[in-house]
There are 2 protein chains.
Amino acid sequence: MTKRADKPITLTDVARRAGTSTAVVSYVINNGPRPVAAATRERVLAAAAELGYRPNRIARALRSRTTGVVGLVLADASNPYFAALARHVEQALERRERLTLIGNAGYSADRQRDLVDRFLAAQVDGLVIVSAEGGDDVTDLAQAAGVPAVYVHHGPSDGRARVVAADNHDAVREAVAHLRGHGHRHVAFLGGPHDEGPVAGRRTAWEAAVAGDPWAALLRCDYSRAAADSLTRRLAAGDALPRALVTATDEQAIGVLSGAWASGVAVPGRLAVISLDGTPESAHTAPALTVTRQPLEAMAEQAVELLSGRDPGVPAARAPLVVRRSCGCDGDQHRPPTPTDRPPP
Amino acid sequence: MTKRADKPITLTDVARRAGTSTAVVSYVINNGPRPVAAATRERVLAAAAELGYRPNRIARALRSRTTGVVGLVLADASNPYFAALARHVEQALERRERLTLIGNAGYSADRQRDLVDRFLAAQVDGLVIVSAEGGDDVTDLAQAAGVPAVYVHHGPSDGRARVVAADNHDAVREAVAHLRGHGHRHVAFLGGPHDEGPVAGRRTAWEAAVAGDPWAALLRCDYSRAAADSLTRRLAAGDALPRALVTATDEQAIGVLSGAWASGVAVPGRLAVISLDGTPESAHTAPALTVTRQPLEAMAEQAVELLSGRDPGVPAARAPLVVRRSCGCDGDQHRPPTPTDRPPP
DNA sequence: AACTGCTATCTAAACGATTAGATGCGATGA
DNA sequence: TCATCGCATCTAATCGTTTAGATAGCAGTT
């Protein structure tokens, strides 16, 4: 309790107090590479406790060349899907007693590169890159620094980088089949503006699922609520809305919902919707979204595991169909919302 | 381009190559405390560039006792309000070329303390604590380590700690007045389960605004979508819903919306709603929420400014009323959603 | 010629931990 | 009794920067 802000306690202080050298103190603190006599260990522990000693991780990092810090680069922290992914990555790292440096690239390849640069200068032990289409390939930077890097959700496709992404083929097939089960002959798809990326995988999966149906419409817009909202209003105004729609992302689905509401289009009555993300937000839209829930936690866990060099080898978990209201089912309309969707504070 | 992963370039390498001592290299790199002759400076810069030298921030931190890293502790990263706040804090730090260590306390005072402990061990230059009611007071820890700490949104009320929070009095008054303008005599309030915290400030502001109206109902539930959703369903089932409601948070408002939808209650027709947060999500609910938007960016900026010791002295910015649909106005129903709400990727 | 003042640079001591190699010492075996 | 072995511990180098103090060279003064 006598520690002063202006004079932090160091290893040397503890050693002096315990009447040993700094080496033994170090051995005790981290069950060091060499054993210490029980009596001495006690003395050291006591001294450390009395002085309130806290190891200086910076000094440790300098010497041992490992910081216990991992850099997390986000394409867009505003997007709840990415934000949820980030949360799970942070938790997975926390479980392993590592700290998370976070940074937001805002869809800019330059800023992404810059961030990785700064993280590397801070000597991170690893990099997790939650990237979107158009994200720069920073594998070379990481490799030059000898730091392991893993992409999550989307990564360069040249095979040089490790990428963790869920396989959506089954999920999309299931979503389309479910809407067909509601009697919809033609199931449309709302994809992203470009053709690359994991969401393109979703699109091709949809194409496979509706193969042979020339009336199945492919729509495109940005992965944003605003874009999907105005697209929906435009289609509604031109009476060109499909009756059943699978959206690539929750953001788009939420935009569709608000656009439909504003246009007086009933969901699911006039337009049935299933989204392919399943972020927590999807449980409390009006109406609640039926989704195929991405295994975000498993993806985060796998990514962090890959950083440690261990290759879990497990294929990505499947995305289960979560039936709620927007597809035309009763969903949980009459049950209280499930508490697992968002635990109360 | 010849740098190898296994042999990082150090100051010494650059010095050797430039034919100088390490001191001058250091002086050049950071426009050091001493001047360097122009010619020498050129040689050093050239050598550094050729070798691809990147200063080791860990070593620098050890020597100069400043890491350029700030710790950000979040009460709940799942909550979009906190998440948005976190994003703005990260951006404010980014602007000052500082890195952000992030951690999620999950409403646990123990974990919050633990996180602060670990951040301090990592020698952060400052702490930003986005806390909720019940968050532990960690000022003592930070103070003992001589690290500046700032609370955002909510902090200990004993006056020892610096706390940044928006003043909501005017905002609440404005919200109530707006609903009265729509002809509602009695404006109810949905607050949190407890009475402490900044949201209690919102509650007392409401009490002041509806003073003299004995029919103005005070409702309470957790700050979660699920809780507000089921509360709304229960009230609707018992025909006990108010006609006009101000909610303390967006999360609650969104829960009210989904509960109302599931109960067949029309918003804003049967129930008018205004929320007091104004996170980006609120623009794309069905119907779009009328809110008083918290000046999150200003709060983040102010918090980070406080960390640097400068006291901006500015009072918290007011929360402006953003009129959309849920209050009964036309809102932006017929305009496409404003692009500033969520920029497309 | 000796001295003063500058400037540009070098030398070397920190920062706080980790850890290989040296040392001291008691027990064991021949 | 003396070498040998193991254990517990100490000594000191090291990680890559920063920066105060020493130094060298040169121009200007007296």
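Any value given below was found using the heavy atoms of this structure, including those in side chains, with hydrogens, waters and symmetry copies removed.
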Q: Would you say B:V138 and B:I129 make side-chain contact, with heavy atoms under 4.5 Å?
A: yes
Q: Between the base of C:dA17 and the side chain of A:Y27, is there any donor-acceptor pair under 3.5 Å?
A: no
Q: Over all heavy atoms of both residues, which pair between B:A122 and A:R57 is shortest? Give the atoms and the distance, please.
A: N-CD, 3.9 Å
Q: Would you mind reading off the distance between A:L11 atom CG and C:dC15 atom P, rounded to a whole angstrom?
A: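 Whole-Å distance recorded here is 13 Å.
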Q: Could you tell me whether A:R57 contacts a base, only the sugar-phosphate backbone, or nothing, with contacts defined as non-hydrogen atoms closer than 4.0 Å?
A: nothing
Q: Tell me the interatomic distance from B:I29, atom CD1, to D:dT19, atom C1', rounded to whole angstroms.
A: 15 Å
Q: Give a yes or no on whether the backbone of B:R60 and the side-chain of B:S64 come within a donor-acceptor separation of less than 3.5 Å.
A: yes
Q: By nearest heavy atom, map A:A37 and B:P33 onto DNA chain D; which one lands nearer the 5' end?
A: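 Its nearest nucleotide being more 5', the pick is A:A37.
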Q: Between C:dA8, C:dC10, D:dC10, which nucleotide gets closest to the side-chain atoms of B:P35?
A: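 For the B:P35 side chain, the nearest candidate turns out to be C:dA8.
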Q: With DNA chain C as reference, determine whether A:I58 or B:G19 sits nearer its 5' end, using the nearest nucleotide of each.
A: B:G19
Q: Over how many whole Å does the gap from A:Y53 atom OH to C:dG16 atom C1' extend?
A: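 The distance from OH of A:Y53 to C1' of C:dG16 comes to 8 Å, rounded to the nearest Å.
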Q: Taking any heavy-atom pair under 4.0 Å as a contact, classify A:T20: base, sugar-phosphate, or nothing.
A: sugar-phosphate
Q: Which nucleotide, D:dT9, D:dT18, C:dT19, lies nearest any side-chain atom of B:T22?
A: D:dT18
Q: Atom CG of B:D13 to atom C1' of D:dC15: distance rounded to whole Å?
A: 13 Å
Q: With hydrogens left out and only the distance checked, is there a donor-acceptor pair under 3.5 Å joining A:R60's side chain and the base of C:dT18?
A: no
Q: Any Lys/Arg nitrogen of A:R87 or B:D76 sitting under 4.0 Å from an Asp/Glu carboxylate oxygen of the other?
A: no
Q: For B:N56 and D:dT17, give me the distance from atom CG to atom C1', rounded to whole Å.
A: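 Rounded to the whole Å, the gap is 8 Å.
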Q: Should A:R16 and A:D13 count as an ion pair when the cut-off is N to O under 4.0 Å?
A: yes
Q: What integer distance in Å separates A:R63:CZ from D:dA12:P?
A: 16 Å
Q: Let me know the distance between CZ of B:R41 and P of C:dA8, rounded to the nearest Å.
A: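 Those two atoms, CZ and P, are 11 Å apart.
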Q: Just compare C:dT19, C:dT11, C:dT9 and give me whichever is closest to any side-chain atom of A:A23.
A: C:dT19
Q: OP1 or OP2 of C:dG16 sitting under 4.0 Å from any side-chain N/O of A:T10?
A: no
Q: Is the shortest side-chain N/O distance from B:N30 to OP1 or OP2 of D:dT18 below 4.0 Å?
A: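 So the side-chain polar atoms of B:N30 do come within 4.0 Å of the phosphate oxygens OP1 or OP2 of D:dT18, strictly under.
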Q: Would you say A:T40 reaches D:dT9's phosphate, i.e. side-chain N/O to OP1/OP2 under 4.0 Å?
A: yes
Q: Salt bridge between A:R118 and B:E97, side-chain N to carboxylate O under 4.0 Å?
A: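 Answer for the salt bridge query: no.
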Q: Rounding to an integer number of Å, can you tell me how far B:L62 CG sits from C:dA17 P?
A: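 Taking atom P of C:dA17 as the reference, CG of B:L62 is at 9 Å.
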Q: Identify which nucleotide among D:dC10, D:dT19, D:dG16 has an atom closest to any side-chain atom of B:S26, counting heavy atoms from C-beta outward.
A: D:dT19
Q: Can you say whether a donor on the side chain of B:R34 sits under 3.5 Å from an acceptor on the base of D:dT19, or the other way round?
A: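 For B:R34, whose side chain was compared with the base of D:dT19, there is no donor-acceptor pair (under 3.5 Å).
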